Each structure stands twice: as structure tokens, then as C-alpha cells.
Amino acid sequence: MGSTAGRSIHVFWHEDMLKHDAGKGMFDTGTAPAFLDVLDQHPENADRMRNMVAILKRGPISPFISWHLGAPARLPQLLSFHTSDYINELVQADKEGGKMICPATFLNPGSWDAALLAAGTTLAAMQHILDGHGPIAYALVRPPGHHAQTMQADGYCFLNNAALAVQLGLDSECRKIAVIDIDVHYGNGAAQGFYHSDEVLTISLHMNHGSWGPSHPQNGSIHELGEGTGFGYNLNIPLPSGTGNKGYGHAMTELVIPAIDKFQPDMLVLVAGQDSSAFDPNGRQCLTMDGYREIGRIVNGLAKRHSGGRVLVVQEGGYHITYSAYCLHATLEGLLDLPGPLLDEPLDCYPEDEPLAVKAVESIRMHHQETVPFLKKT
């Protein structure tokens, strides 16, 4: 690989995931008001993924990318995280031609096959790392998965791709795995699935949106800490709108790094959504390419300290069709710890509300240090 030797990200992808079509309507509702002439594509559409694939193939990061073909998961593999009743519900919905599984989450013809591909492709990426073929693998997958809980769909998600990969790691050689979720929404699926486990540290940085209904009963608050042996192993970092690069950097430095340094995982999973960006239609967190690049660098440093450099990246949200691809590019630049940016910022960005964000992070940090046993000051 020439000058890129020793620096590579193994990307797992399959183009048939583009066949999932959540339809059109007013934003993500699937409804078509009579007084509108032009309807939106559902935010979770194939075009966003086409641009992500394109920027990795033709952007300046392309010499650092190694491509691998994904494959569908087998039904028994799904039962390592999901219940059989829930999987049977999805299989039956597919046989019947599809339906809205929960608000804004449409399983249409082709969706189930794409979901199986997303899960299987993520499992293949994790297995690639476990087999020692490369320390950094990226599952470039859709439909997304981090809201899918053990027994129900939620928020555009059918199967929890990242959680399935975490369970594979635990069933293999990993003693402890840390999940860092930077999607703009609470990573409630993994939190619910591992809520009683001290083998998985789930950390979610998200906008402070609360519950949005029966499919998403979790609030993502600082009080949802896990239960039983898992108490203290679910750390939520709900951030105010407009937090921006410096606010996220402060949260990573003051909360994420100390938690992972104390947990000492032997595998890291970065649940990467670009819907925390300044231009995403689903969030207002004002992250730019610089912010994502810095998060990537921090995760790279944590991996070098604790997991032998091993990081699985799993794609989640990111709904601005062009800017999401740029932010993905920047995240992977950071993970590679490259000396400088390969791409310039393409858009003017909104100012961030740094003082408010820093104040919120400090309040969360104080709560966790007083409440979470393994984070208490000694």
C-alpha cells in the first residue's frame, strides 16, 4: 500500500442494502398531505449511502480503504440478541409484503433482505477483527440498527447490527467491550439489551430528546445507569441542541475517556451517526468535519491504550445526503490518526453554543462521578 502501509480501514459493504426503500411522504411519516406537490424521500434513503460509498472510493481517503463484500446474517445468528418472537414478526411482515412496524419505520419489499445483509455484514466486520486480519473495520450498512431492541423495532431500525456484533465478540474472545454511540439519538437498543451486564459499557452522546413513544420508552437521561450487575455500565450524555465541536470534545475528554480508561475494554465499537452534524434534518448538534475528525482521533487513542488498536465502526444515522459523507470521511481520517485533514470543510457552519454545552457536560460529569461506582473519585 506504499506510504499508507500499516494504516488501513477494512470496509464491509454490499450494494443490495440499497434495495431497502422506506418510501416518500412528509419527512418520515409516510403520509402524503393533499396540499403538498413535492414529497420528501424518507430520511433513511439509499442516496445517503451512495454518497458514503462514493466518497470512500473516490475521495482522498481511498488509498487507506480496503473493500470487503458483506453477506446476509442467518436467522439463528439473530437470536444471540433478539427474541425469536420478534424475528418471527419481521419474517411474517416480509412474507405479507411489508408494513409500518412502528412510527416512521417501514418494512417494505426488499427491506428484510437488506436488514439481513446489514446484520451479516456487521458480523463479518467484527469477525474480521477477531480473526486478526486488521484492527479497524467499518460496517457500512443500512438499514441502521442502534434503536432496535431485543424484542421490538424502533427509529428506522429492525435489527441491532452493533449489538449483534458486540455479542459475537463476547461469545468469542472478548471479556469486556465498550460501545461509544455518537449518533444524535440515544443508542437505546444496545443500552436495553446489555442493561444488566457488566461486560459491556454502553456510552451514548445524544441530543436531549427524551422518549418519543412506545417503541422508544427509554429517555436517555443520566438516571438510566443499568440494573443489577450492570449498574453503572450504561452512561448517558444527553447534550443540549447546538453543542458543537468544543462541547462534544469536552464530553469526550471529561466523561468518555475517564470511563473507558477505568473500564479497560479489549474491544471498542464506535456507533457512528452523522446526524449530529450542523446540517442534518434530524438533529441540531452543530458538529462539523473537525468535530468528527477529533472524535475519531480520541477513539483511536483509546483503542491503542486498551484494545490493541481494535475498533469496529458501525454506520447508523446521517441524513444530509452530501454533508454526511464528508463527516464520515473526517471520522475515518481521525481513526487513522492522519497528520492533517484530507478534505476541506465544504459548507459554512452555524455557531455552536459552547458555554451552555460545557455547563451541561459538567453537570453530567458530577452526577456520574457521584453515582456510578467505578467512576467515583478515589
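Residues: numbered from 1 along the sequence shown. Remember, predicted model here, so these are calculated numbers, not experimental data.
- For the pair Val269/Met126, a side-chain contact is recorded, criterion being any heavy-atom separation below 4.5 Å from C-beta on.
- To the nearest 0.5 Å, the span separating CE on Met52 from OG on Ser324 amounts to 5.0 Å.
- No hydrogens or angles considered: a donor-acceptor pair under 3.5 Å links the side chains of Ser204 and His206.
- Residues meeting the side-chain hydrogen bond (donor to acceptor under 3.5 Å, both in side chains) test with Asn282, sequence neighbours left out: Tyr156.
- Using a 3.5 Å distance cut-off with no hydrogens or angles, the side chains of Glu224 and Asn234 do not pair a donor with an acceptor.
- Counting only N and O atoms by type, the side chains of His146 and Asn160 include no donor and acceptor under 3.5 Å apart.
- Between the side chains of His306 and Asp261, at least one donor N or O lies within less than 3.5 Å of an accepting N or O.
- The ring of His216 has its center closer than 6.0 angstrom to the ring center of His209.
- Remark: Arg365 engages Glu254 in a salt bridge, criterion side-chain N to carboxylate O under 4.0 Å.
- Not a single donor-acceptor pair under 3.5 Å links the side chain of Ser62 to the backbone N or O of Arg58.
- Expressed to the nearest 0.5 Å, how far CD1 of Ile136 lies from CG of Leu312 amounts to 11.0 Å.
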(message) If you apply the rule ring pair (Phe, Tyr, Trp, His ring centres under 6.0 Å), what do you find for Phe194 with Phe81, and how did you get there?
(response) CA-CA 9 Å; Phe194 298 109; Phe81 183 78; 5.7 Å; yes
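- Atom-to-atom distance recorded for Lys176:NZ and Leu201:CG is 9.5 Å, nearest 0.5 angstrom.
- A distance of 11.0 Å separates CG of Asp47 from OG1 of Thr322, quoted to the nearest 0.5 Å.
- Evaluation of the ring pair (Phe, Tyr, Trp, His ring centres under 6.0 Å) test over residues 17-37, restricted to residues two or more places apart or in two chains, returns His20-Phe158.
- Listed for the Asp181 side chain is a donor-acceptor partner under 3.5 Å among the backbone atoms of Asp183.
- Taking the charged nitrogens against the carboxylate oxygens, Arg48 and Glu316 have no contact shorter than 4.0 Å, which rules out a salt bridge.
- Of the possible donor and acceptor atoms, none in the side chain of Thr121 sits under 3.5 Å from a partner among the backbone N and O of Ala118.
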(request) Determine, stepwise, if the pair Leu235 / His368 fulfils side chain to side chain contact (heavy atoms under 4.5 Å, CB included). (result) CA-CA 8 Å; Leu235 300 183; His368 285 327; 4.1 Å; yes
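- The minimum heavy-atom distance linking Val313 with Ala272 is given by the pair CG1-CB, 3.9 Å.
- Neither side chain, Tyr233 nor Glu227, offers a donor N or O lying under 3.5 Å from an acceptor on the other.
- A salt bridge links Arg175 with Asp266: at least one charged nitrogen is closer than 4.0 Å to a carboxylate oxygen.
- For His10 and His68, the side-chain atoms include at least one donor-acceptor pair closer than 3.5 Å.
- Note on Arg142 versus Glu44: salt bridge recorded, some NZ/NE/NH1/NH2 to OD/OE distance being below 4.0 Å.
- Residues Leu56 and Leu328 meet the side-chain proximity criterion, which asks for heavy atoms closer than 4.5 Å.
- Cluster membership for Val372 and Ile237, using ILVMFWY side-chain heavy atoms within less than 4.5 angstrom, is shared.
- Under the salt bridge (Lys or Arg N to Asp or Glu O under 4.0 Å) criterion, Lys24 pairs with no residue, sequence neighbours left out.
- Checking Asp154 against Ser215 by side-chain atom types alone, a donor-acceptor pair falls below 3.5 Å.
- The shortest distance between side-chain heavy atoms of Tyr292 and Ser276 falls below 4.5 Å.
- Counting heavy atoms from C-beta on, the side chains of Asp337 and Lys304 come closer than 4.5 Å.
- In this structure, Asp21 contributes its side chain and Gly23 its backbone to a donor-acceptor pair below 3.5 Å.
- For the pair His196 (side chain) and Gly226 (backbone), a donor-acceptor distance under 3.5 Å is absent.
- With sequence neighbours excluded, no residue forms a side-chain hydrogen bond (donor to acceptor under 3.5 Å, both in side chains) with Asn88.
- Atom CD in Glu333 sits 9.5 Å away from atom CG in Asp290 (nearest 0.5 Å).
- Scanning both residues, Thr122 and Ala139, for their nearest heavy atoms gives OG1-CB, 3.6 Å.
- Between the side chains of Tyr138 and Gln315, at least one donor N or O sits under 3.5 Å from an acceptor N or O.
- Residues Ile321 and Asn45 meet the side-chain proximity criterion, which asks for heavy atoms closer than 4.5 Å.
- In summary, Lys19 and Asp113 do not engage in a salt bridge, as defined by a charged side-chain N under 4.0 Å from a carboxylate O.
- Side-chain N or O atoms of Gln167 include none that pairs as donor or acceptor with a backbone N or O of Leu164 at under 3.5 Å.
- Counting only distance, with no hydrogens or angles, the side chain of His42 and the backbone of Ala104 share a donor-acceptor pair below 3.5 Å.
- Judged purely by distance below 3.5 Å, without hydrogens or angles, the side chains of Asn188 and His147 pair a donor atom with an acceptor atom.
- Residues Trp112 and Leu90 have side chains in contact (heavy-atom distance under 4.5 Å, counting atoms from C-beta outward).
- No side-chain heavy atom of Tyr86 sits less than 4.5 Å from a side-chain heavy atom of Thr150.
- Between the side chains of Gln92 and Glu89, no donor N or O sits under 3.5 Å from an acceptor N or O.
- Side chains of Asn245 and Thr288: a donor on one and an acceptor on the other come within 3.5 Å.
- Counting heavy atoms from C-beta on, the side chains of Ile129 and Met267 come closer than 4.5 Å.
- The 12-atom threshold is not exceeded at OH of Tyr326, counting heavy atoms of other residues, nucleotides or ligands nearer than 6.0 Å.
- The SG atom of Cys327 sits 11.5 Å away from the CG atom of Leu332 when rounded to the nearest 0.5 Å.
- Listed by chain and number, the hydrophobic cluster partners of Val184 are Met207, where partners are ILVMFWY side chains within reach of under 4.5 Å, directly or through others.
- A donor-acceptor pair under 3.5 Å is formed between the side chain of Asn300 and the backbone N or O of Leu335.
- The backbone N or O of Leu239 lies less than 3.5 Å from no partner atom in the side chain of Thr243, so there is not a single donor-acceptor pair.
- Scanning for salt bridge (Lys or Arg N to Asp or Glu O under 4.0 Å) contacts around Arg297 gives Glu294, with sequence neighbours left out.
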